Amino acid sequence: MGSVERYDFKAVERKWQKRWSDWNLFKVVEDRSRPKFYYLDMFPYPSGELHMGHMRNYIIGDVISRYKHMLGYNVLHPMGYDAFGLPAENAAIQHGMHPKVWTEQCIQRMRSQFDMLGISFDWGRQIRTCSPEYYKWNQWFFLKFYERGLAYRRPAPVNWCPACETTLADEEAERGYCWRCSTPVEKRWLEQWFLKITAYAERLLEDLDLLEHWPERVKVMQRNWIGKSEGVEFDFELDGIMEKIKVFTTRIDTVYGVTFVVLAPEHPLVPKLIERSPRRFELYAAVQRMLSESIEERSSEEVEKEGAFLDAYAIHPLTKERVPVWVANYVLMEYGTGAIMAVPAHDQRDLEFARKYGLDVRVVIKPPDAELDADQMERAYVEPGIMVNSAQFSGMFSEQAKDAIADYMEQMGVGKRSIQYRLRDWLISRQRYWGTPFPIIYCDKCGIVPVPEEQLPVLLPPDVKITGKGGSPLSQVPEFVNTTCTRCGAMAKRETDTMATFVDSSWYFLRFCDPHNNDAPFGSDAVDYWMPVDQYVGGIEHAVLHLLYARFFTKVLYDMGLVKTKEPFTRLFTQGMIYHESYYCRRCRSYRRPEEVRSKRAGERRIVKCNVCGSEVEVGMDKMSKSKLNIVTPDYVCEQYGADTARLFILFIGPPELDAEWNPQGVEGMYRFLNRLWRLVNERLDDYIPDWREKLNELKPTLDDAQRGLRRKLHQTIRKVTDDIEGFGFNTAIAALMELFNEMQSFASSMRPKDEVEGFADRVVLSEAVELMQVMLHPFAPHIADELWERLGKPGSVYQHRWCDVDEDAAREEEQVIVVQVNGKVRDRLIVPVGISEDELRSLALNCKGVKAHVAGKEIKRIIVVPNRLVNIVV
RNA sequence: GCCCGGGUGGCGGAAUCGGUAGACGCACGGGACUUAAAAUCCCGGGCCGUAAGGCGUGCGGGUUCGAGUCCCGCCCCGGGCACCA
C-alpha cells in the first residue's frame with residue numbers, strides 16, 4: 001500500500017460546490033408525489049459578516065435538510081436577507097455610503113461565506129426585504145390591515161431611543177433599554193402607527209397550546225408577555241363631583257378591605273381634581289415630578305413610592321364608605337384602567353404606600369389558623385384564607401368569595417367580570433430612512449388616505465441626506481413628501497415614517513414558498529403545499545419579538561383566507577448562543593479586537609493589556625456581536641482546515657440548545673478525523689467490492705467474529721446517528737461516526753490476504769462500512785463524502801442517495817459485559833452470551849475472582865440479578 | 001421575589017428506564033517510525049495510596065441491593081418576568 005494523495009480539501013470543496021450548483025441539486029419545486037418538508041433558518045440581517053453563531057444555525061439546518069432529503073422528503077430550504085434596518089443607515093452616516101450600496105456589499109460578502117460552507121440552499125428563492133418587489137407587499141398587507149381596522153394612527157406616549165433617533169415597540173424596549181444599542185429609552189408623545197395585536201391577544205395565548213413541539217421556555221416567555229389576568233372592573237363614584245373612577249382588580253375578594261383609591265399620574269381625572277383643590281400648586285408640582293420620571297426610573301426595583309392626596313373622596317360601591325383618592329407613581333396608566341382600589345392589608349405595594357402616608361389598613365382575609373393585626377402587619381397577607389369584615393361574605397373561603405362577590409356585583413349592576421392583558425398594540429412607525437414607506441397620504445380635506453393598491457409600491461426615494469438627526473429623513477425630500485390626494489386631487493403629503501423591520505420578517509416564510517410572484521404576495525397553491533414550516537431554527541433572542549409578530553401576521557392572514565394554517569411554525573428549535581471573549585479598554589473607552597490586546601500571566605491571574613494605551617482591559621464573555629468586536633468568522637477555519645472540518649467542529653462543540661464558548665482548540669481533532677477517513681478509503685479503493693450487498697447475502701452465515709463485530713458496530717451506528725439527528729444530538733452523532741471509523745481502521749489493519757476466502761469476506765464487510773459511512777457522513781461533511789463516494793465509483797452526489805437502513809440482525813449483540821457487584825460496589829466483570837439464564841449468571845457471579853475475596857466468610861443475604869446488566873450480591 | 005436552564009477529569013463534553021461514571025474529541029505523558037523534526041501509528045491516565053484499598057458527578061440529608069439520574073433542604077452561574085392591580 002503506497003502513499004495516497006493528500007486530502008486537498010480546497011480542491012474537493014471547490015469541485016463539489018461547483019457541481020451541486022451546475023446540477024441545480026438544491027432546486028426544489030412543488031411535487032405532490034412526495035411528502036414535503038419545509039426547513040427554515042431565521043434569515044440574517046446583512047451586517048457584513050457571518051459569525052460562528054450564524055454558522056451554528058445554518059449548519060444545523062443543512063444537516064437536517066440533507067438528511068430529510070435523503071429520507072425521501074421534498075425539502076424546501078431557502079435563504080434570504082432581512083435587509084432593511086438601522087445599521088445600514090448608520091454605516092451610511094459613518095462612511096458616506098448609500099444604505100443600499102452598503103447592504104448589497106454585505107449581502108455579497110455573506111453570500112460568499114454561505115457558498116464557502118456548502119449549504120444546500122435553493123438560491124433561486126432568495127429574498128431581500130429591501131427590494132421593491134418584496135416591500136411592495138409589506139405595503140399591501142398594511143392596507144389590508146388598515147381596511148380591517150387592524151392598523152391605526154394615534155398620539156401616544158411611545159418609547160424613544162435617543163441614540164437610534166427613533167421610536168421602539170414595547171417589545172424592543174427591554175426593561176427600559178433599547179434592544180439594539182442598550183441606550184435608556186425615553187418617553188415621547190407622538191402620533192404613530194400601530195398594529196392592533198391586542199385584538200389577537202387571546203388567540204395568541206390560546207394557540208400556544210397547539211405548539212407541542214416548541215420549547216416550553218419560549219411559550220412561557222410569550223405567555224408572560226401577553227400577561228392575561230382575569231378579574232372584575234367597577235366604578236367608584238366621587239363624592240360631590242360628577243365623575244367616576246374605573247378600576248380593575250384580580251382580587252375582588254379583598255374589596256371590603258379598600259381604604260383608598262389611587263390614580264396614575266397620567267390619569268385624565270388628575271388635572272381635574274387638582275384644579276378643584278385649594279393646594280393646586282403644590283399638587284401640580286408633585287404630579288409633574290412623577291411624570292418626569294423616566295421609564296427606566298419608574299420600572300426600576302428600588303424606586304420609592306410617592307404620592308399625594310387629591311383632596312377628593314370616592315364612594316365604595318358596596319359599603320358606601322368614603323375613601324380618599326390619591327395619585328401615585330406606582331400606578332401605571334398603560335395597564336388596566338390606570339386606577340386601582342388599594343387594599344393595603346392584602347397587597348404589598350399598597351401596604352408600603354399606606355405605611356408611608358399613614359393610611360388605614362383593614363384586614364378582610366385571615367389565615368385559617370391565626371389572626372392578623374392591621375396595625376402591626378409588616379407584610380401584606382396575600383394568600384387565600386377566611387373572609388372577615390366582609391358583610392355577607394364573611395366566613396367564606398376567599399377563593400369561593402371571589403366568584404360570589406363577582407356574581408353579586410354583576411347582579412347589583414355595579415361591576416362586571418373583565419380580562420386584562422399586559423400586551424399592548426404594536427408600534428410600527430420608525431423615524432428612519434432604510435425601511436418600507438407607509439402607503440399613506442395626508443390630505444387636508446380627506447384626512448388619512450390610503451394609497452390605492454394599483455399604485456404600489458410607494459418607492460423609497462434613492463437620494464436622501466441621512467444625518468441621523470432631526471426626525472424622519474424622508475420628510476427632507478420634497479419630491480417624495482409632496483403629492484396629490486388620490487381621492488380629491490388636492491395637494492397632499494405622504495407619511496414620512498417607515499415601517500419597523502419586524503414587519504418584513506413577519507411573513508417572509510410565506511414569500512419563500514412563491515418568491516417571484518408579481519401579482520400577489522404569494523400564490524395559495526404554493527403556500528398551501530409548503531406551509532406550515534416543519535422545522536424552524538434560530539436564536540432565543542426572538543422568543544417574544546419576531547416569533548410573536550409572525551404568529552400574529554399568520555393569524556390575520558388566516559382570517560383573510562390567505563393561509564390555511566393558524567400557526568406558522570410546527571416545530572421550533574432555539575439554538576444556544578456562541579460566546580467569545582471581549583476586551584473593553586476603559587482608558588480608550590472602546591472595545592478592542594483580540595489582536596489589539598496582549599495577555600500575560602501573573603501567577604494565577606491573567607492580565608490583558610491594551611496595545612494602544614497599555615492599560616489593563618476588562619475581559620468579558622459576550623455573545624458575538626459587531627459592536628463588541630469579538631466576532632469570529634468561519635473564514636479562518638475554512639481557509640486552514642476546510643468547510644467540512646468547520647462544519648463538524650461547530651456541531652461537535654456541544655449540545656446545540658446550550659450556549660457555548662468559542663474555543664478553536666479541537667478543530668484539529670475534526671481535521672484529523674477527516675484525514676484519517678480520506679486515507680483509509682483511498683488506500684483501500686482496490687479492496688472495495690461494489691456489489692458487496694449481493695456477496696454479503698451469500699457470506700452472512702460464514703462470517704467470523706471480527707467480521708460480525710464490524711457489521712454490528714456499523715448497524716448500531718446507523719441506528720444511533722439516525723436517532724441523534726432526529727433529536728438534535730449532532731455532537732453524539734459525530735462521536736458515533738468516529739467510533740465506527742476507529743473500528744473500521746483497526747479492522748482494516750488486520751485484513752487477511754485478498755486471495756484467501758476470509759480475505760475476500762473481510763473486503764466485503766469493509767466495503768459495506770466504507771460505503772455506508774459516506775452516506776451517514778454526507779449531511780455533516782458533504783464535500784468529502786461526495787468525493788469519496790465518487791472514488792468508490794458511484795454516480796452523482798450522496799445527496800441523491802437514500803439514507804441507510806439498519807440491519808437489525810447484524811446490530812444485535814451476541815455477548816455482553818455483566819457487572820458483578822458486592823453491596824453495590826463493582827468487584828468484577830463477566831463476559832457472557834446474550835440470553836444466558838439467571839441461574840447460570842448467579843453461579844458465574846458467585847464464583848468469579850473479584851467476588852470471592854469479598855464474600856468469603858460472610859452470609860449472603862440477597863442476590864439481585866438484572867438481566868443484561870448486572871448481578872449484585874448483598875452480604 | 002417568581003419561573004426556566006445549567007453545575008460531571010486539565011478542557012469541550014458522554015451516560016433512554018435508577019444498574020460499568022468519564023464515550024468521542026482536545027491538551028498532556030510514554031513508545032514506534034525518522035539522521036532529526038513534523039505528520040502518522042501504538043500505549044497510558046478521575047483523585048489519594050507503594051499496595052490492598054479508599055474517595056469521587058456543586059453542598060447537606062433521604063429513599064434504594066444500587067443514585068450523575070428520584071425526593072427534601074441549600075449554594076453558585078446564566079436567562080426570562082417583575083410596582084401588571
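All values below come from the heavy atoms of this structure, side chains included, with hydrogens, waters and symmetry mates left out. Predicted, not measured: the structure shown is a model, and the values here were computed from it. Chain A is the first sequence line, chain B the second, and so forth, proteins listed ahead of strands; every chain is numbered from 1.
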Syn-anti status, with the boundary at 90° from 0, for the nucleotide rG9(B)
syn
Under-3.5 Å N/O pairs linking protein and nucleotides 26-33 of chain B:
from	atom 1	to	atom 2	distance (Å)
rC26(B)	OP1	R672(A)	NH1	2.7

Given a 3.5 Å cut-off on both pairing distances, which stems involving RNA chain B, each at least three consecutive Watson-Crick or G-U pairs, are present, if any?
B:1-7 with B:75-81, B:10-12 with B:24-26, B:28-32 with B:40-44, B:46-48 with B:53-55, B:58-62 with B:70-74
With sequence neighbours left out, which residue pairs that include part of residues 720-733 of chain A fulfil the salt bridge (Lys or Arg N to Asp or Glu O under 4.0 Å) condition?
K68(A)-E726(A), K720(A)-D724(A)
Taking only heavy atoms on the protein side, list every residue of residues 719-730 of chain A lying under 4.0 Å from any atom of RNA chain B, sorted numerically.
none
Measure from NZ or CZ of K305(A) to the centre of the six-membered ring of F353(A) and say whether it is under 6.0 Å with the direction within 45° of the ring axis.
no
How would you list all residue pairs meeting side chain to side chain donor-acceptor pair (under 3.5 Å) that involve residues 665-675 of chain A, not counting sequence neighbours?
Y641(A)-E668(A)
Output yes when at least one side-chain N/O atom of R676(A) is less than 4.0 Å from OP1 or OP2 of rC41(B), else no.
yes
By salt bridge (Lys or Arg N to Asp or Glu O under 4.0 Å), E815(A) pairs with (sequence neighbours left out) none
Indicate, with a heavy-atom threshold strictly under 4.0 Å, whether N742(A) touches base, sugar-phosphate, or nothing.
sugar-phosphate
Do the side-chain N and O atoms of Q222(A) and R551(A) include a donor-acceptor pair separated by under 3.5 angstrom?
yes
To the nearest 0.5 Å, atom CD1 of I340(A) lies from atom CG of D350(A) at 4.5 Å
Aromatic ring pairing Y357(A)/W326(A), orientation class (parallel under 30°, perpendicular over 60°, tilted between):
tilted
What is the nucleic acid contact for Q821(A), judged by heavy atoms within less than 4.0 Å: base, sugar-phosphate only, or nothing?
base
Hey, does the side chain of N675(A) come within less than 4.0 Å of rA39(B)'s phosphate (OP1/OP2), counting only N and O?
no
